[in-house]
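See below for the structure under consideration.
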Protein chains: 2
Amino acid sequence: MGTKHSGSPGDVWLRPPARAAREAPPLSRDRIVAEAIALLDEEGADRLTMRRLAERLGTGSTTLYWHVKTKNDVLDLALDAIFAAVEIPRADGQDWRAGITALISGWRAVLLDHPWSAALLGRPMLGPNVLARSEFLYATLLDAGVTEPHLTAAAYGLSNYVIGSALMQATWTAGEGQATRAAAQERFRADRDRYPVLAAHGPLASDSDWDTSFALGLSWLLDGVHATVEEASSRGRGSSGK
Amino acid sequence: MGTKHSGSPGDVWLRPPARAAREAPPLSRDRIVAEAIALLDEEGADRLTMRRLAERLGTGSTTLYWHVKTKNDVLDLALDAIFAAVEIPRADGQDWRAGITALISGWRAVLLDHPWSAALLGRPMLGPNVLARSEFLYATLLDAGVTEPHLTAAAYGLSNYVIGSALMQATWTAGEGQATRAAAQERFRADRDRYPVLAAHGPLASDSDWDTSFALGLSWLLDGVHATVEEASSRGRGSSGK
DNA sequence: CGGGGAACGGATCATTGATCCGGTCCCCGA
DNA sequence: TCGGGGACCGGATCAATGATCCGTTCCCCG
């Protein structure tokens with residue numbers, strides 16, 4: 001007896017000097033989220049498990065639950081964290097259109113940089129980064145003279161458009177989406193008589209196609225918003241009512 | 001020995017007359033999908049498990065794998081199946097705008113009728129129902145005189161817009177989304193100084209708000225598409241090129 | 001009527017999210 | 001200086017789930 005206690009992990013002399021293991025910062029919620037993002041970027045959404053994440057952090061899987069309540073928390077935190085990279089244009093009173101375009105484009109870029117995020121869009125986004133950018137969007141529109149119900153419609157329309165676009169592109173572009181697209185093209189050709197138009201104008205091929213399509217749709221939306229402002233102001237001046 | 005063979009399920013006399021169990025149709029892929037949709041509608045996406053699905057069908061869970069390769073297959077099939085409810089307007093050459101509006105609105109209605117579908121939008125949709133409706137969309141736009149690159153941009157823009165809108169609304173409307181929205185409103189009020197505009201123009205409240213916002217954004221997109229056609233045709237007539 | 005493929009399901013496995021509970025580390029006050 | 005307690009960690013373990021193995025039953029066709 002004495003050689004083998006119940007919980008002692010080996011002989012004293014073999015244990016590290018009790019401080020070596022502390023070289024790394026003591027695991028924080030931030031480190032967990034950062035590592036989760038790295039893991040998601042490298043391996044995709046379905047490869048993220050608490051065990052794997054813990055392993056990459058050099059800790060036990062159960063330790064994570066001290067800093068985070070559930071796996072969903074990790075996902076929510078990761079999702080909000082990536083939006084920190086979206087620069088918020090400074091409000092300049094003029095040229096609201098440029099500001100909004102920049103914001104929305106940045107939003108899209110982030111979603112495409114982290115394709116796993118698209119699959120997570122179906123959850124409430126209430127993190128500080130997302131809210132700050134929504135606030136900017138609303139404020140800018142309001143400042144531009146957009147009034148209800150156009151204000152809400154514009155904010156939601158723009159958000160929904162980016163989300164949908166990123167979701168679609170991530171689906172067909174990321175990971176095995178590439179292979180799927182090839183198979184789809186093949187299928188269109190096979191069912192050429194059933195889907196003649198689709199067979200001719202197949203799925204988007206190059207990145208630039210995605211980009212120009214996105215830009216066009218965005219400009220249409222912004223034109224629409226612009227028109228409501230024009231109409232309101234001209235009516236305000238008392239000229240043409242309709 | 002003799003009373004208890006290895007695999008025989010009880011005494012012969014206790015077994016049903018070997019035909020009673022066959023009153024129900026013999027389990028087909030279609031029945032599985034239909035039941036899956038019912039289950040999803042009633043209990044949501046995360047409650048769908050192969051076991052529970054099998055139980056509702058009165059079969060063993062492993063039997064499902066004879067008709068379907070994976071659970072993902074079930075989801076893909078269910079997702080495509082619900083779009084059968086979207087009526088395809090008959091092509092009438094005139095008034096392409098009405099046709100597209102009808103299609104897109106029907107699309108949205110289906111997504112909202114089955115809120116679980118929103119979470120599944122991040123996968124390739126290549127089922128026959130989806131393809132047929134995409135074909136109609138492309139064909140109608142083409143017929144209306146929309147040309148590349150506006151054609152692709154219009155088709156994708158419209159699709160993305162519906163998808164994003166439905167995803168967003170389902171997130172905040174379905175199930176616990178309601179509760180979340182209340183909490184969100186609360187939070188805006190608390191952080192009033194950080195999110196002044198959001199606090200004032202809170203999340204959408206009534207269904208009609210969602211509807212009108214959606215309709216407005218859709219009309220802006222269609223206006224944009226319409227403008228490209230106008231411009232092309234006027235340029236064709238050789239009048240004002242700009 | 002008998003063979004064979006279609007259809008079925010019990011037992012079982014690996015993975016994963018989450019919890020229990022006991023151990024370790026470190027700061028802070030007496 | 002010392003000891004108590006809270007922050008932090010992780011091995012063992014549980015329940016749920018997707019999926020497979022393999023033996024059994026059903027039923028059509030020659």
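Each chain gets a letter, A, B and so on, in the order the sequences are listed, and its residues count up from 1.
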Q) Is there side-chain contact between B:Ile82 and B:Trp116, with at least one heavy-atom pair below 4.5 Å? A) yes
**Q.** B:Arg181 and B:Glu186: CA distance, side-chain angles, deciding distance, salt bridge (charged side-chain N to carboxylate O under 4.0 Å, His left out) verdict
**A.** CA-CA 9 Å; B:Arg181 195 175 68 202; B:Glu186 191 60 30; over 6 Å; no
Q. Okay, side chain of A:Tyr156, backbone of B:Trp210: is any donor-acceptor separation there less than 3.5 Å?
A. no
(Q) Taking the basic N atoms (NZ, or NE/NH1/NH2) and the acidic carboxylate oxygens, is any pair closer than 4.0 Å for A:Asp211 and A:Arg108? (A) yes
**Q.** Sidechain N-carboxylate O distance under 4.0 Å for B:Arg52, B:Glu35
**A.** no
Q: For B:Leu27 and C:dG9, give me the distance from atom CG to atom C1', rounded to whole Å.
A: 12 Å
Q) Does anything in residues 33-44 of chain B reach DNA chain D, meaning a heavy atom under 4.0 Å, and if so which residues? A) none
**Q.** Flag, side chain of A:Asn160 to backbone of B:Val162, donor-acceptor distance under 3.5 Å
**A.** no
Q: Give a yes or no on whether a salt bridge exists between A:Arg133 and A:Glu87, defined as a side-chain N under 4.0 angstrom from a carboxylate O.
A: no
Q) Is a side-chain donor or acceptor of B:Thr212 paired with a backbone partner of B:Asp209 at a separation under 3.5 angstrom? A) yes
Q: Please test B:Leu126 against A:Thr180 for side-chain contact (heavy atoms from CB on, under 4.5 Å), starting from the C-alpha separation and ending with a verdict.
A: CA-CA 10 Å; B:Leu126 292 174; A:Thr180 309; 4.1 Å; yes
Q) Starting at CG of B:Asp73 and ending at P of D:dA19, how long is that distance when rounded to a whole Å? A) 9 Å
Q.
Looking at D:dC9, I'd like to know if its phosphate oxygens (OP1 or OP2) sit under 4.0 Å from a side-chain N or O belonging to A:Trp66.
A. no
Q) Does any N or O in the side chain of B:Ser117 come within less than 3.5 Å of the main-chain N or O of B:His114, such that one atom is a donor and the other an acceptor? A) yes
(Q) Measure CD1/B:Ile32 against P/C:dG9 and give the value in whole Å, please. (A) 11 Å
Using a cut-off of under 3.5 Å, enumerate the N/O to N/O pairs linking the protein to nucleotides 15-18 of chain D.
unit_1	atom_1	unit_2	atom_2	d
D:dG18	OP1	B:Lys71	NZ	2.5
D:dG18	OP2	B:Met50	N	3.0
D:dG18	N7	B:Arg51	NH2	2.7
D:dG18	O6	B:Arg51	NH2	2.9

Q) Taking OP1 and OP2 of C:dC8, is either one under 4.0 Å from a side-chain nitrogen or oxygen of B:His67? A) yes
Q.
Tell me if a side-chain donor or acceptor on B:Gln169 pairs with a main-chain N or O of B:Leu112 at a distance below 3.5 Å.
A. no
(Q) Using a 4.0 Å cut-off on heavy atoms, which residues in residues 57-64 of chain A reach DNA chain D? List them by number, or say none. (A) A:Thr59, A:Gly60, A:Thr62, A:Thr63
